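Values reported hereafter were calculated over all heavy atoms of this structure, with side chains retained and with hydrogens, waters and symmetry mates removed. Since we're looking at a predicted model, the values are computed, not measured. Residue numbers start at 1 and run along the sequence shown.
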Amino acid sequence: MAAPSMGGVQLPRGNGQTVRLPRGASLTDLAERINAQPAALVTALFHLGEMVTATQSVNDETLQLLGAEIGWVIQVVSPEDEDRELLEDFDLTFGDEEGEEGDWDIRPPVVTVMGHVDHGKTKLLDALRNTNVVAREAGGITQHIGAYQIVTELEGNERPVTFIDTPGHESFTAMRARGAKVTDIVVLVVAADDGVMPQTVEALNHAQAAEVPIVVAVNKIDKEGANPAKIRQQLTEYGLVAEEYGGDTMFVDVSATTRQGLDELLTAILLTADASLDLRANIEQDPQGVVIEGKLDKGRGPVATVLVQRGTLRQGDSIVAGDAYGRVRSLLDEHGNKLKEALPSRPVQVVGLTSVPRAGDTFLVVEEDRVARQIADRRQARIRNAQNASMRKRISLEDLDAALKETRQLNLIIKGDNSGTVEALEEALMKIEVSDDISLRVIHRGVGGITKSDIDLALADDVIVLGFNVRAEGQATELANREGVDVRYYTVIYQAIDEIEAALKGMLKPVYEEVQLGSAEVREVFRVPKIGNVAGSLVRSGTIVRNSKARLLRDGVVVADNLTVESLRRFKDDATEVREGYECGIGLGSFNDIKIDDVIETFEMREKPRD
């Protein structure tokens with residue numbers, strides 16, 4: 001039944017019916033679902049105080065506001081549901097185990113290493129793998145996700161264990177949370193000489209939210225002041241009770257430097273997996289899994305580190321990962337050796353994708369390249385719509401005047417060496433809050449070196465280009481130097497955040513505050529030809545300065561404001577300033593309404609420093 005909405009616009013009433021819409025849907029999309037005219041929805045939203053065009057991506061809150069007004073329940077589909085529905089269109093599913101019982105094999109546990117920054121997570125993995133990752137990380141802080149497989153021995157059998165090394169800085173919370181989603185067991189690293197820290201608790205919360213078993217590695221026990229018992233005591237407050245205290249959490253004392261306790265740690269991981277988990281996967285199904293990391297390699301093009309979760313990934317498979325697709329040209333292990341296939345729980349590098357997928361994207365193998373391309377295109381459009389909706393600022397009618405005034409915006413292009421870092425840096429930058437009239441906009445982000453097209457885009461939109469662990473290439477450097485494009489290079493994420501925050505604060509209009517200089521009491525008024533009235537005054541406080549701002553008070557009431565001390569004399573001589581206790585003649589320009597006993601206050605406007 002059609003019923004009038006605001007402004008007499010006829011709209012079909014929903015009477016509580018539900019409409020499902022993807023993130024970043026437009027009013028045109030909603031109009032198609034409820035059989036309405038897009039223009040009518042634009043008008044209805046206008047009467048609700050929102051300015052939106054028919055084809056513009058709209059955020060979730062605005063859609064739900066409109067739905068409530070016209071009687072429809074707007075349900076914004078989650079990214080996971082969107083992906084599921086998209087795959088259903090192609091008769092595909094993700095994550096549903098099926099097949100004969102005989103096709104299921106035991107798979108290695110996937111272990112995520114978490115903990116506070118500088119507690120030795122990467123150094124511990126470094127010791128386990130006999131490599132040196134820390135030395136390659138800027139500032140010793142892990143800024144990438146790495147995945148490695150280690151083979152150990154338990155009860156005479158060789159057992160592989162897959163490790164995921166998550167970044168250790170708080171800016172990378174989103175990437176670390178993703179690490180917990182793909183993991184079977186979390187190793188919580190706590191420094192024996194430092195104790196439980198904020199990020200230890202944060203990592204613990206991620207692990208508990210993912211409902212995975214936890215093994216605690218008490219690291220740095222070789223250092224002076226190490227107190228492993230204290231760590232056990234502290235963690236009991238967070239529900240982790242050591243086995244020796246009657247709990248069910250395994251604590252292992254280790255030292256990444258002296259390699260003490262490493263075998264015991266691997267044994268604890270496998271025993272926890274065997275006791276708490278039934279780790280099996282179907283190796284015959286279509287391969288599926290998660291992208292751990294993506295980067296652009298100069299020689300090989302886009303390279304994605306993926307973790308196979310089910311099925312067997314083989315060379316030549318048609319693969320779609322997030323909004324990237326392609327045919328698997330080669331599979332490489334963490335040491336760069338070529339593999340013919342990758343079984344479940346195997347981290348492997350995939351070469352052959354058309355673009356770099358994002359960390360956390362799901363991948364699956366399809367029968368044809370055509371299907372892979374269609375899925376990738378649909379995902380790309382969906383991601384773009386969601387980004388457009390999240391970037392759109394809500395403008396109400398009350399704010400329209402302010403919105404039409406000059407708003408200052410800092411535009412950025414972010415390029416990095418891998419997708420997870422770019423995503424984490426963008427997320428951290430977008431959280432910077434400076435002022436309502438200053439906004440930050442990322443107009444482009446990508447993986448790989450800074451190219452000429454990036455500089456061209458920066459020229460068109462007056463943009464700052466950020467390079468994170470990447471540099472500008474040949475022509476791009478020349479063009480940037482010639483045109484004066486601001487290109488900044490970083491290797492540590494916090495340096496980038498601090499500088500962009502400083503740049504945003506620099507864009508703020510200065511705030512001035514009034515500073516009192518002095519006051520003078522008028523004792524006599526003299527008429528001077530060609531000048532006007534001059535106040536013969538006694539300086540009561542402070543200093544009267546020539547050319548300073550002034551106001552005139554009579555009986556405590558401001559008679560005139562925004563005056564200027566245009567002339568200042570001591571007897572017959574001009575003066576720059578006259579101090580407290582001295583007499584002077586003050587001329588206030590063309591203002592002549594000066595009487596005896598008036599008070600002249602002088603002041604100046606100084607720029608107020610920002611916090």
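Note that the OG1 atom of T257 and the NZ atom of K123 stand 4.5 Å from one another [nearest 0.5 Å]. Atom CD1 in I414 sits 5.5 Å away from atom CG in L466 (nearest 0.5 Å). Between the OG1 atom of T18 and the CD1 atom of I74 there is a distance of 9.0 Å, given to the nearest 0.5 Å. The CD1 atom of I185 sits 5.5 Å away from atom OG1 of T272, with the distance rounded to the nearest 0.5 Å. Annotation: the span from L412 atom CG to R445 atom CZ amounts to 10.5 Å, rounded to 0.5 Å. How far CD of Q309 is from CD of Q288: 8.5 Å, rounded to the nearest 0.5 Å.
With hydrogens and angles disregarded, no donor-acceptor distance shorter than 3.5 Å links the side chain of K415 to the backbone of G446. Using modelled atom types, one side-chain atom of D184 and one backbone atom of V110 make a donor-acceptor pair closer than 3.5 Å. At distances below 3.5 Å, not a single donor-acceptor pair connects side-chain atoms of S255 with backbone N or O atoms of D222.
The neighbour count for I106 CD1, taken as heavy atoms of other residues, nucleotides or ligands under 6.0 Å away, does not exceed 12. Within 6.0 Å of CG in D248 there are 12 or fewer heavy atoms belonging to other residues, nucleotides or ligands. In this structure, E158 places its CD atom where only 12 or fewer heavy-atom neighbours from other residues, nucleotides or ligands lie under 6.0 Å away. Applying the 6.0 Å contact sphere to CD of E155 captures no more than 12 heavy atoms from other residues, nucleotides or ligands.
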- Message: Pair Q208, Y238 - check side-chain hydrogen bond (donor to acceptor under 3.5 Å, both in side chains), show working.
- Response: CA-CA 10 Å; Q208 290 176 335; Y238 300 95; over 6 Å; no

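A salt bridge is absent between D317 and R314: the closest approach of a Lys/Arg side-chain nitrogen to an acidic carboxylate oxygen does not fall below 4.0 angstrom.
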